[in-house]
Amino acid sequence: MMRSRRQFLGEASCAAIGSTSILSTLLNLTMANHAAAAGGFSGQRKALVCLFLSGGCDTFNILIPRDSPGGYDEYAASRSNLAIPRNQLLPLNYTDSQGRQYGLNPACTRLAEMFNGLGGDTSKKRLSFLANVGTLIEPIPNKQSYLDGNIALPKALFSHRDQIEQWQTSVPQGMPVLSGWGGRAADVIHSTLNTEQTAGYYMPMNFSLSGNNAFQIGRSEGQFVITTGGALSFTGTGGTSAMQQAKEQALKDVVASPIEEHYQSLFQRTHGRITANSIERGALFQQSFDGSGANLNAVFAAAGFPNHWLSQQFQAAIKTIYIREQLKLARQTIFIEFGGWDHHSELLNTQRGMLLTLDAVLYAYQKSLEALGLADDVITFTASDFGRTLRSNGQGTDHAWSGNQFVFGGPVQGGAVKGSFPSLAIDGPDDIGRGGRIFPKLAADQYICELLRWFGVSNGDMDQVLPNIRNFYDPASAANPVGFLG
Amino acid sequence: MLWLVLLPAEKPSLLNPPPVTPSQPAPTTPPKPTAAENLLSGYGDPATPPIEDLKKLHHVIGGYFSVIKESSKNPIGGNADLAAALRGENPNRTVFLPANHRIFSADGLLLDRWGSPVIVHPEGWRQLELRSAGPDKVAYSGDDLILSPTGLQKNP
């Protein structure tokens, strides 16, 4: 049966989702539109870095109300044996409009510092929290409206795979053809903002350090999967041995061969040409990536990254941002996944260990960006499958819906808890049942929209990137949808 | 025969009520078991390996998702949701298991053969991992029994 070119590429691409195969990367690259050569670049270079805490992070044990009587008592009653003692909370120097005060999990000393002011300097508040945020199709006015069943709800709530997909696509209804909001953003801005890419030069703007993901797949733009060692290649990462080089050269020769008899179809010829192009893109990236090492190693050492694979990932992210001029990129997204937050058992100890790592890595990462003069160009934000039930199952917590996220960087107006922190009472006004499932009052769309406005997606293009945004916010509005960027 | 049917029934006189005859219990036929009940036949039978219980429940779940196509209503996030859905709290209002089925605890949770609630872990829509706490009744310990969403047994 004959297949169309679109079918061929589409099916091959879909088959590769979820793996780090080089083929999928190449096919994603093939679908990319080459950037238009429309004048030179002028303006600020910007990067959005997504840290996806997969597994469903129990963020109600990270950002904790500490006012008492009131918020803390409600928290402690609901969480029972999982509650962090009040005197262990790291105080955040912030009081919201309801008079509520907050503290952080004691494992997050450096995140508290980023919130309160780096080095004790209150002019350097770099981090803010977003309370009670989750995937939504339309607003839920109150608990009763959810219980009445008249609100359009995301598909398959409380399940890992669906909620990960929905955070990354921002289309909780589900999609017949998967594309993510980072990819769709690239569709509308790569050719208009990355205008230094001229004369056939092409470098994608979406980089993933965690393999293929839905977030960075666009309709025409794709993602470039890299590793902590740089670009993926057919012979491994950055292979320099004679054998690897010979193998790579042979591959280049084959795919670049002009002898059409080698190929039975137009598709195969196209694929061969694309493969050759991708090898070139990989080589270009690798050259700049490797060249940055000497400049950055001292900065990384001074920043105090812990010895952990996540440090390597964030260091590679910094390198990729640092070489943006060589890559001719004014806009970049970077995707990093940190999994293992599905704490049905042993929440306290296991989450504490992971938070200690996360806290140390993110602090060193932000410190490095500051040292390199990149801090004002980079916003890093978290997302996770879902929040978790407030009620303890004995050792941990189960799948729920809304949670808290945090966002940091030079452009962020730090030191605030944005959104509306919910009541944490079990069976209270924000709990839809089954032991403390909090429904979101802030849509992931609002959170993402604010990031995209900063990134350069125009108000007119916002509907293409976030199809549900108008259910929550008018993109033409002068004010940002949440306010963490002012 | 038709006339017998069409004849007006004799109206009972209030003064002369018809003689009262002792009521006979109506013959009862046991309700026909649902397909899910049939699939759970032998659930918890000590003569069968314990993993068979999870496999039977897995079959019931497969049947549930073959009937219930709506993925945005009555979401399943754990045991309580699944148990309620099987009792009829689902978009089709189909009763897969009667509320008095022995698989349910008094508070409506699905139980394993040792009386512990089955741990229902949704990996995705239609993709539920099942875990029994095993004979020690301590979840997430070495004797747990786990069935992946594909129906294969996993090691704890």
Side-chain angles (χ1 to χ4, degrees), chain A residues 18 54-56 134-138 146-166 171-175 214 339 342-347 349-350 385-389 391-402 432-439, chain B residues 61 64-65 68-93 105 107-110 112 115-134 136-144 146 148-150 154 156:
Chain A
S54 55
T135 54
L136 284 172
I137 294 173
E138 59 180 329
Y146 170 87
L147 297 175
D148 289 344
N150 297 322
I151 301 284
L153 295 179
K155 80 168 208 187
L157 275 171
F158 321 136
S159 73
H160 288 293
R161 206 170 301 147
D162 297 275
Q163 298 312 300
I164 288 172
E165 180 184 305
Q166 290 169 34
V171 184
Q173 297 95 327
M175 303 182 81
D342 193 17
H343 294 139
H344 289 277
S345 61
E346 293 298 320
L347 170 77
N349 291 341
T350 314
D385 321 10
F386 39 63
R388 305 188 75 88
T389 53
R391 186 169 61 199
S392 166
N393 64 20
Q395 305 160 89
T397 51
D398 299 321
H399 299 189
W401 192 355
S402 191
I432 54 168
R434 308 277 194 234
R437 281 180 183 153
I438 302 299
F439 71 88
Chain B
I61 293 166
Y64 174 86
F65 284 118
I68 306 298
K69 308 291 186 188
E70 170 65 75
S71 61
S72 64
K73 293 191 186 302
N74 301 84
I76 293 171
N79 185 324
D81 294 325
L82 176 62
L86 294 175
R87 286 193 298 266
E89 289 182 35
N90 55 62
N92 294 10
R93 298 289 160 196
S105 66
D107 52 357
L109 296 176
L110 296 157
D112 68 12
S116 303
V118 174
I119 294 166
V120 177
H121 184 241
E123 294 183 0
W125 171 240
R126 305 175 191 229
Q127 302 289 313
L128 306 180
E129 182 189 82
L130 303 174
R131 176 188 288 257
S132 158
D136 71 356
K137 299 187 177 188
V138 176
Y140 303 99
S141 64
D143 72 343
D144 286 7
I146 308 171
S148 77
T150 58
K154 290 168 65 177

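Since we're looking at a predicted model, the values are computed, not measured. Lettering of chains follows the sequences in order, A, B, ..., and the numbering in each one begins at 1.
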Report summary line: Nearest heavy-atom contact between B:Gly124 and A:Arg161 is CA-CB, 4.2 Å
**Report entry** Closest contact, heavy atoms only, B:Ser72 versus A:Leu153
**Finding:** CB-O, 3.3 Å
Query raised in the report: Mind checking which of residues 393-400 of chain A sit less than 4.5 Å from chain B, heavy atom to heavy atom?
Result: A:Gln395, A:His399
**Report entry** Toward chain A, the part of B:Ile76 with a non-hydrogen atom under 4.5 Å
**Finding:** backbone
Report task. Side chain from CB out, backbone as N, CA, C, O: work out which of these in B:Gln127 comes under 4.5 Å of a heavy atom of chain A, or both, or neither. Result -> side chain
Query raised in the report: How far does CG of A:Leu157 sit from NZ of B:Lys73, to the nearest 0.5 angstrom?
Result: 11.5 Å
Query raised in the report: Who passes salt bridge (charged side-chain N to carboxylate O under 4.0 Å, His left out) against A:Arg434, sequence neighbours left out?
Result: B:Asp81
Report summary line: Between A:Phe158 and B:Gly77 the two heavy atoms that sit nearest each other are CB-CA, 3.6 Å
Query - Parallel, tilted or perpendicular, as decided by the 30° and 60° cut-offs, for the rings of B:Tyr140 and A:His344 - result: parallel
